[in-house]
Asks: 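The following block contains the structure, expressed as structure tokens.
Lettering follows sequence order; numbering is per chain, from 1. Heavy-atom basis, side chains included; hydrogens, waters and symmetry copies ignored.
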Protein chains: 2
Amino acid sequence: MNKARTSPRHRHQSSRTSGHERQASLISAATSLFAAKGFTGTTTKQIAKAAGVSEALLFKHFPSKHALYTAILAEKAQYSELREAVEEATNKRDDERLFTLLASYRIKKCADPTMLRLLLFSALEGHELSTMFFQQQYRVFHDLLAGYIRRRIEDGAFRPVDPVLAAKAFLGIILHHRLLHDILGLPMRLSHEALVVEYVSLFLSGLIRQSPDS
Amino acid sequence: MNKARTSPRHRHQSSRTSGHERQASLISAATSLFAAKGFTGTTTKQIAKAAGVSEALLFKHFPSKHALYTAILAEKAQYSELREAVEEATNKRDDERLFTLLASYRIKKCADPTMLRLLLFSALEGHELSTMFFQQQYRVFHDLLAGYIRRRIEDGAFRPVDPVLAAKAFLGIILHHRLLHDILGLPMRLSHEALVVEYVSLFLSGLIRQSPDS
DNA sequence: ATGGTGAGTAAGTATTCACTCACTAGTGAA
DNA sequence: TTCACTAGTGAGTGAATACTTACTCACCAT
């Protein structure tokens, strides 16, 4: 792996990697392995191999396998993104847009179920950071949505339901969808767009035919 | 099953258990361990200890740890229950009753998240029977519900939504709830009954205030 | 009694696990 | 050049791991 350099002349690409880079590559390798096979299902040897280093080096960067896992959860827990778009829709009181945004964000991302798998594994395996990880990943949307629903109820636009429960229900629909298709691998019969439209309409309008309107 | 004493000195409690009983006790012990810690997280030693036998005996009954796991999934996959009640509601076209029944069945059972954990672990860990297991556990309700919704649409009682998607959405709401509270351990603010009522009403009537009716 | 059978186990085996240690080599500053 | 420092590793360590072997004992029909 070294390119062999005794000579002073430029070594393209230093033969040594900085500590931070190495740490990042270890985290990246470990993330996909932990997401694929869980904490107990992944060995430090596999992680080291995936990162292209010796197992010993892994332990130079992280005192234990567990610490590496914790570092991953802590790192991945923080991100926002999407906030602005959502908040704009929020202010405009554009129900359909807001719900569509949330749904399609979650559903489109299905290409990469890593985070979801990581979350589920950590919850099932009972890692101490799992709740925190969950909070960061879901609480954001949850609280935002619940707040929006509450306001729309005050507007008189929504029925007087429990906003927290309603938010949970909507996120549940989306999560369940991802569970079935991204994790269990069931085939999807419809396009993403059609799915999102249908789910949003279902949630906003309910199932019962309200009036023979029009 | 024999207690039977030929020997002079009574030995407390039959010294031997029948093969089937032992097999059952191994399966029972293994089920809770696999549900708690997953396949890779559980060792054959732990299972044997929980069943109160030697590790060697486990391998007399099951050729491998994997085979034991498979036997569990295959066994737990088959059960019906609840069918009659649901089918009655189905025939009566009693929407609220049917949905309430489904929801409360799932939610009340929260006391024992074993099956759900087993299901999720098997899905995440990629066991070959996970899909089958899932089919048996969920497909029943899913198909039943989808069929019912389809009929009610034909009746003109429900809006013309996609019945399969609608069924999925409702089950998603319930599953998500269990995920949050049974697996992640988040506290519940409402009673089971209130929750079920709210979820059902939400799903049936939707969120948007339809008309200033009555 | 006796011999066949199935329940049961103690004590392995080979391998893999997370983790260490003793050590080499590249690098930048003095 | 030297030297301190850090990136990096091969070759371990003891403890588990899944699974085996060779054996003992209880029971029962002959």
Asks: Any side-chain heavy-atom pair from A:H127 and A:Y69 closer than 4.5 angstrom?
Replies: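 Yes, side chains in contact.
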Asks: What is the distance, rounded to the nearest whole Å, between atom NZ of B:K45 and atom P of D:dT20?
Replies: 17 Å
Asks: Got a donor-acceptor contact below 3.5 angstrom from the A:E125 side chain to the A:S122 backbone?
Replies: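 Flag not set: sc A:E125 to bb A:S122 has no pair under 3.5 Å.
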Asks: Quick check on contacts: within residues 58-72 of chain A, what sits under 4.0 Å from DNA chain C by heavy-atom distance?
Replies: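 Result for residues 58-72 of chain A: A:F59, A:K60, A:S64, A:K65, sorted by number.
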Asks: Specify the separation, in whole Å, of atom CG of A:L57 and atom P of C:dA25.
Replies: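 Atom-to-atom, A:L57 to C:dA25, this comes out as 17 Å.
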Asks: Aromatic contact between B:F39 and B:F34, with the criterion being ring centroids under 6.0 Å apart: yes or no?
Replies: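 Ring centres of B:F34 and B:F39 closer than 6.0 Å.
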Asks: If you draw the axis of the six-membered ring of B:F99, does the NZ or CZ of B:R106 fall within 45° of it and under 6.0 Å from the ring centre?
Replies: no
Asks: Within this structure, what is the CD-to-P distance between B:Q46 and D:dC19, rounded to whole angstrom?
Replies: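 B:Q46 atom CD is separated from D:dC19 atom P by 14 Å.
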Asks: Rounded off to whole Å, could you give me the CD-to-P distance for the B:E55 and C:dT13 pair?
Replies: 16 Å
Asks: Starting at atom CZ of A:F39, determine the distance to atom P of C:dC17, rounded to an integer number of angstrom.
Replies: 13 Å
Asks: Without decimals, in angstroms, what is the distance between B:E21 CD and C:dG8 C1'?
Replies: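 That distance rounds to 15 Å.
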Asks: For B:A56 and for A:T43, locate the closest nucleotide of DNA chain C by heavy-atom distance; then report the residue assigned to the nucleotide nearer the 5' terminus.
Replies: B:A56
Asks: Going by the ring-ring contact (aromatic ring centres under 6.0 Å, His included) test, name the single residue among A:Y148, A:F141, A:F203 that passes it with A:F170.
Replies: A:F203
Asks: Return the value, rounded to whole Å, for the distance between atom NZ of B:K37 and atom C1' of D:dA16.
Replies: 13 Å
Asks: Looking only at side-chain N and O atoms, does B:S54 come under 4.0 Å of OP1 or OP2 in C:dG8?
Replies: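 B:S54 to C:dG8 OP1/OP2: no side-chain N or O under 4.0 Å.
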Asks: What nucleic acid atoms does B:T42 come within less than 4.0 Å of, heavy atoms only: base, sugar-phosphate, or nothing?
Replies: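 The residue B:T42 makes sugar-phosphate contact but no base contact.
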Asks: Please determine whether a side-chain nitrogen of the Lys or Arg among A:D182 and A:R117 lies less than 4.0 Å from a carboxylate oxygen of the Asp or Glu.
Replies: no
Asks: Any side-chain heavy atom of B:L195 sitting closer than 4.5 Å to one from B:R189?
Replies: no
Asks: For C:dA7 and B:R22 - does any side-chain N or O of the residue sit under 4.0 Å from the phosphate oxygens OP1/OP2?
Replies: no
